[in-house]
Amino acid sequence: MNTWRNASLAVTAAAVLALTTACGQEKGTETPNGQAVGAANPAAQPGNGYGSDAGYGSDAGGEAAAASPAGQLAVWESEELGKVVADSKGLTLYRFDKDTANPPKSNCEGDCAKTWPVVAAGGASAAPGIDPSLIGEVTRADGTKQLTIDGWPMYRYAKDTKAGDVKGQGIGGTWYAAAPDGKKAAPGADAGAGGDEATEPADLAGLSVRNDPKLGEIVVDKNGMTVYRFMKDSAWPMKTACTGDCLEKWPVVAPVDKNDTEGILKKGFVTFDRPDGIVQQTIDCWPIYTFKGDAKPGDTNGQGVGGTWYAVSPEGKPVGAPK
């Protein structure tokens, strides 16, 4: 019996050791709440676990709100985004890149639908500027009907509180205000998972390294914007402490193909399925962000903010953080 028990304990210990070191493996082995980037599909699948951190901050409700109809759709003109679709109350409608339009399918369920309330299909009517033939519906997993525009399921954003708000625009690199034709109402990003592609600077990889005169080598995104780490996050278990209002100031870095990087550590280069439905890139298993306060490439205005935010080294370390 002792021999069996010792062998069992040894197997268990080996399994735990393998699990806790997986995040540092060169092959980008999938980790809890993480998924290797490259040949594998980085999008989270319905039913994937989100880990223990299911919080959204103080504004999150306990249950997803019941889907409410859009009523008479409207189109308003945004100085930044062009024509944007809204419901009868003027609230912006959004589409999700992890959904599909052909065939129509929603991949925002559970916790995701608390942050991104579903727009019910019933009672919607097209506004001038919207082709009525593009208005449709999709049956969700729970049997309810969701409004679609050109096949794309429509949502609202929980933090949009008045007509003209577009606080959900670009969150996680997967959520965009909807244009009247169902495409993204975003300059240079007029389509999504259905085959449209956003324009990207030709001279920068998805993630690369810039030599900052004060900070040394730091990671930048495809637009040359500085990438940051949050000291309240953790890499094992992979968890985020930046939710709710925090994400408006510190947008997550969307998934980047491992082959679309230059000079970045490839170990632990996995994606993180956040509890809010957003998929976030990590370096060495640490979630990474950009800063809304950086207005142009080369800015490092987020460095040291609150004593918790720091630019990221090519190895995923927080540059200049206290030891």
Side-chain angles (χ1 to χ4, degrees), residues 55-60 78-82 84 91-92 94-97 115-116 155-162 164-178 184-189 198-201 204 206-208 210 212 214-215 218-233 239-256 271-272 274-283 286-313 316 318-321:
Y56 288 90
S58 59
D59 61 333
S78 164
E79 291 183 3
E80 296 181 357
L81 305 177
V84 174
L91 294 175
T92 300
Y94 296 87
R95 45 168 279 177
F96 185 28
D97 276 359
T115 302
W116 302 93
Y155 307 82
R156 299 177 181 89
Y157 181 45
K159 297 189 74 63
D160 284 352
T161 57
K162 64 183 185 299
D165 280 355
V166 282
K167 296 177 181 178
Q169 174 67 12
I171 285 185
T174 54
W175 290 94
Y176 294 91
K184 298 178 188 177
T199 56
E200 298 178 1
L204 285 180
L207 288 172
S208 58
R210 180 176 70 82
D212 184 85
K214 293 182 179 180
L215 303 177
I218 58 175
V219 178
V220 297
D221 69 5
K222 64 184 179 183
N223 299 313
M225 306 303 289
T226 302
V227 170
Y228 298 89
R229 249 187 62 182
F230 188 29
M231 301 302 287
K232 294 183 179 181
D233 288 350
K239 293 176 63 176
T240 177
C242 183
T243 61
D245 291 338
C246 176
L247 287 181
E248 294 184 24
K249 296 180 180 179
W250 303 91
V252 308
V253 174
V256 176
T271 56
F272 170 41
R274 297 170 52 91
D276 48 16
I278 298 171
V279 184
Q280 182 173 10
Q281 184 60 54
T282 75
I283 297 178
W286 288 97
I288 55 176
Y289 309 77
T290 54
F291 181 46
K292 282 286 189 180
D294 287 345
K296 62 184 185 303
D299 282 353
T300 55
N301 298 321
Q303 178 67 8
V305 168
T308 54
W309 291 92
Y310 295 93
V312 179
S313 76
V319 176

From [X] atom [atom1] to [Y] atom [atom2], the distance as rounded to the nearest 0.5 Å:
{"X": "Thr161", "Y": "Leu91", "atom1": "OG1", "atom2": "CG", "result": "8.0 Å"}
{"X": "Lys296", "Y": "Asn223", "atom1": "NZ", "atom2": "CG", "result": "14.5 Å"}
{"X": "Trp309", "Y": "Thr300", "atom1": "CH2", "atom2": "OG1", "result": "15.0 Å"}
{"X": "Ile171", "Y": "Phe96", "atom1": "CD1", "atom2": "CZ", "result": "11.5 Å"}
{"X": "Lys239", "Y": "Lys232", "atom1": "NZ", "atom2": "NZ", "result": "13.5 Å"}
{"X": "Glu248", "Y": "Lys292", "atom1": "CD", "atom2": "NZ", "result": "8.5 Å"}

When you measure from the side chain of [X] to the backbone of [Y], do you find a donor-acceptor pair of N or O atoms at a distance under 3.5 Å?
{"X": "Thr226", "Y": "Asp299", "answer": "yes"}
{"X": "Asp165", "Y": "Lys167", "answer": "no"}
{"X": "Gln281", "Y": "Thr271", "answer": "no"}
{"X": "Gln280", "Y": "Ile288", "answer": "yes"}
{"X": "Gln303", "Y": "Val319", "answer": "yes"}
{"X": "Arg229", "Y": "Gly316", "answer": "yes"}

Tell me every residue that passes side chain to side chain donor-acceptor pair (under 3.5 Å) with Tyr228, counting only those two or more places apart in sequence or in another chain.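 By the side chain to side chain donor-acceptor pair (under 3.5 Å) rule, Tyr228 matches Asp294.
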Sequence neighbours left out, what passes side chain to side chain donor-acceptor pair (under 3.5 Å) with Ser313? Give chain and number order. Glu315
Consider only side-chain N and O atoms of Asp221 and Tyr289, and report whether a donor and an acceptor are under 3.5 Å apart. no
Heavy atoms, side chains only, cut-off 4.5 Å: are [X] and [Y] in contact?
{"X": "Val312", "Y": "Ile218", "value": "no"}
{"X": "Thr92", "Y": "Tyr157", "value": "no"}
{"X": "Val219", "Y": "Ile283", "value": "yes"}

Ring pair (Phe, Tyr, Trp, His ring centres under 6.0 Å) partner of Tyr155, chosen from Trp175, Tyr94, Trp116: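 Option passing the ring pair (Phe, Tyr, Trp, His ring centres under 6.0 Å) with Tyr155: Trp175.
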Exercise: identify the closest heavy-atom pair between [X] and [Y]:
{"X": "Asp97", "Y": "Tyr176", "value": "OD2-CE1, 3.7 Å"}
{"X": "Ala254", "Y": "Gly172", "value": "CB-O, 3.4 Å"}
{"X": "Ala311", "Y": "Leu215", "value": "CB-CD1, 4.1 Å"}
{"X": "Pro255", "Y": "Val279", "value": "CD-O, 3.3 Å"}
{"X": "Leu81", "Y": "Ala177", "value": "CD1-CB, 4.3 Å"}
{"X": "Arg210", "Y": "Gly298", "value": "NH2-O, 3.5 Å"}

Centre-to-centre under 6.0 Å for Phe230 and Trp286, is that the case here? no
Can Asp276 and Arg274 be said to form a salt bridge (charged side-chain N to carboxylate O under 4.0 Å, His left out), step by step? CA-CA 5 Å; Asp276 48 16; Arg274 297 170 52 91; 3.2 Å; yes
With salt bridge (charged side-chain N to carboxylate O under 4.0 Å, His left out) as the criterion, how do Asp245 and Lys159 come out once you've worked through the C-alpha distance, each side chain's angles and the decisive distance to 0.1 Å? CA-CA 9 Å; Asp245 291 338; Lys159 297 189 74 63; 2.7 Å; yes
